[in-house]
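Data block below; observations after.
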Number of protein chains: 2
Amino acid sequence: MMTKKIRSNCPVSYALELIGDKWSLLILRDIILRDKRFYHEFAASAEGIATNILSNRLAMLESNGFINKQRDTEDRKRYIYSPTEKGLDLLPVIISMMQWSDKYNNETDIRPPLMEKVRKDPKGYEKSIRAKFSA
Amino acid sequence: MMTKKIRSNCPVSYALELIGDKWSLLILRDIILRDKRFYHEFAASAEGIATNILSNRLAMLESNGFINKQRDTEDRKRYIYSPTEKGLDLLPVIISMMQWSDKYNNETDIRPPLMEKVRKDPKGYEKSIRAKFSA
DNA sequence: CATTTCACTTGCTTTTTACAAGCAAAAAAA
DNA sequence: TTTTTTTGCTTGTAAAAAGCAAGTGAAATG
């Protein structure tokens, strides 16, 4: 079996090898912060991911334990994607990126009232997001 | 002038468009955490970046204000690369990646005694790194 | 002034991404 | 029961990015 060779044992490098691309964290953002659950919802995000890339990343995220995939029992022709603890544990990475962009990109969207809460109380924000998934 | 079209105004997407690749944050890690300053030092890192990619990323990091580049006055045939505040402000992203990898990759290197301090006191670690550059 | 060091650059191949179109399983409609 | 629609992909092809080896040019060094 052909396993991909690892670059180094540096923790930064390790994380980048898994989610160091322009799409994986965006899909996790949709699942974790925007409560998206279905393939078509990810495909509809503003960034416009190509469906082959979406399919590829969902498979990668699932095989690496970031998300779960299961048939929707209410509508059996679709699947429900949900975050695992491993995926949710990337929330600090996502939030620190948000904080950085909030400081350096003045075009950053304020519409999702997320940002306001992130500014005032990032730890509280993280907890409130996590709480959604501990039910 | 040809400016690259932005995907969306989402702060996560914005950060990923700039540093969402497998190398940019690794170079910043070298500069910020490992006190590397020269081209040949980055090229020598364990991950083995190709020199054309290194050159490309250093130019990108400089043009986007993450790092500064200046001639070394002691050895004028080389350049010194140093982080800007904008680059240093990615430290929380880097540290949260380290924490995540520490939890999910048991091969993560412990050699740089960094990890121990990150585990015990991540905020203090961040401050101590920042202190190096405020001189 | 020839040699070495440092920081790239170039050429070529391989891999990844992007875009458009097509396809199959499941459910709904006729 | 056959047709149509929805959902979640897969395929084909082109463009872009990454990887690899070799080469180049400016600045110091002998």
Side-chain angles (χ1 to χ4, degrees), chain A residues 2-8 13 16-28 30-31 35-64 66-82, chain B residues 2-8 13 16-28 30-31 35-64 66-82:
Chain A
M2 187 60 197
T3 306
K4 208 192 172 195
K5 184 177 153 251
I6 217 164
R7 295 190 294 189
S8 76
S13 181
L16 289 172
E17 285 190 82
L18 288 168
I19 48 107
D21 72 279
K22 300 200 187 308
W23 296 110
S24 300
L25 278 182
L26 230 49
I27 294 170
L28 286 169
D30 281 353
I31 296 184
D35 302 315
K36 297 191 178 185
R37 293 291 171 271
F38 306 109
Y39 185 95
H40 72 270
E41 293 179 310
F42 308 132
S45 284
E47 293 82 10
I49 189 171
T51 61
N52 56 344
I53 305 293
L54 173 57
S55 178
N56 174 285
R57 290 305 130 84
L58 286 171
M60 182 285 280
L61 290 170
E62 191 199 6
S63 70
N64 285 298
F66 292 96
I67 60 174
N68 289 317
K69 175 184 183 175
Q70 54 189 323
R71 280 264 182 206
D72 183 351
T73 50
E74 290 176 10
D75 182 349
R76 284 187 42 75
K77 65 184 173 300
R78 60 188 191 179
Y79 294 90
I80 298 178
Y81 296 92
S82 57
Chain B
M2 188 60 199
T3 306
K4 206 191 170 194
K5 183 177 154 251
I6 216 164
R7 295 191 294 188
S8 75
S13 181
L16 289 172
E17 284 190 81
L18 288 168
I19 47 109
D21 72 279
K22 300 200 186 307
W23 296 110
S24 301
L25 277 182
L26 231 48
I27 294 170
L28 286 168
D30 281 354
I31 296 184
D35 302 314
K36 296 192 178 185
R37 293 289 171 273
F38 306 109
Y39 185 95
H40 71 269
E41 293 180 310
F42 308 132
S45 284
E47 292 83 10
I49 188 170
T51 61
N52 56 344
I53 306 293
L54 173 57
S55 179
N56 174 284
R57 291 304 131 83
L58 285 172
M60 182 285 281
L61 290 170
E62 191 200 6
S63 71
N64 285 298
F66 292 96
I67 60 174
N68 289 317
K69 175 183 182 175
Q70 54 190 320
R71 279 262 182 210
D72 184 352
T73 49
E74 290 174 12
D75 181 349
R76 284 187 43 74
K77 64 183 174 303
R78 60 188 191 175
Y79 295 90
I80 298 178
Y81 296 92
S82 57

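Order of the sequence lines fixes the chain letters, A, B, ..., with proteins taken first and strands second; residue numbering starts at 1 for each chain.
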Quick check: does any side chain N or O of A/N64 sit under 3.5 Å from a backbone N or O of A/M60, one acting as donor and the other as acceptor?
yes
Separation of C/dT9 atom C1' from B/L54 atom CG, nearest Å, is 13 Å
Counting distance only, does the side-chain N/O of A/S63 pair as donor-acceptor with the main-chain N or O of A/A59 below 3.5 Å? yes
Looking only at C/dT17, D/dG19, C/dC6, the nucleotide nearest the B/I53 side chain is D/dG19
- On the ring face of B/Y81, is B/R37 found with NZ or CZ under 6.0 Å from the centre and within 45° of the axis? no
Rounded to whole Å, the CZ-C1' distance (B/R7 to C/dT17) equals 12 Å
Atom CZ of A/F42 and atom P of D/dT7 are separated, to the nearest Å, by 14 Å
Result for 5'-nearest mapping on DNA chain C, choosing between B/S55 and A/T51, is B/S55
With the side chain defined as heavy atoms from C-beta on, B/R78 is closest, among C/dC8, C/dC6, D/dC9, to C/dC6
**Message:** Is there a side-chain contact between A/H40 and the phosphate of D/dG8, meaning an N or O under 4.0 Å from OP1 or OP2?
**Reply:** yes
Taking C/dC8, D/dA28, D/dT10 as options, the one with an atom nearest any side-chain atom of B/Y79 is C/dC8
Taken to the nearest whole Å, CG/A/L26 to P/C/dA18 is 12 Å
Under a plain distance cut-off of 3.5 Å, with no hydrogens placed, do A/K36 and A/S45 share a side-chain donor-acceptor pair? yes
From CZ of B/R37 across to C1' of C/dC6 the rounded distance in Å is 18 Å
Separation of C/dA21 atom C1' from A/N52 atom CG, nearest Å, is 12 Å
Next on the checklist: For B/D21 and B/S24, which I'm curious about, is there any donor-acceptor pair between the side chains at under 3.5 Å?
Outcome noted: yes
| query | Looking only at side-chain N and O atoms, does B/K69 come under 4.0 Å of OP1 or OP2 in C/dC8? | reply | yes
B/E62 atom CD is separated from C/dC8 atom C1', nearest whole Å, by 14 Å
- Does a nitrogen or oxygen in the side chain of A/R71 sit under 4.0 Å from OP1 or OP2 of D/dG8? no
Taken to the nearest whole Å, CZ/B/R57 to C1'/D/dA18 is 8 Å
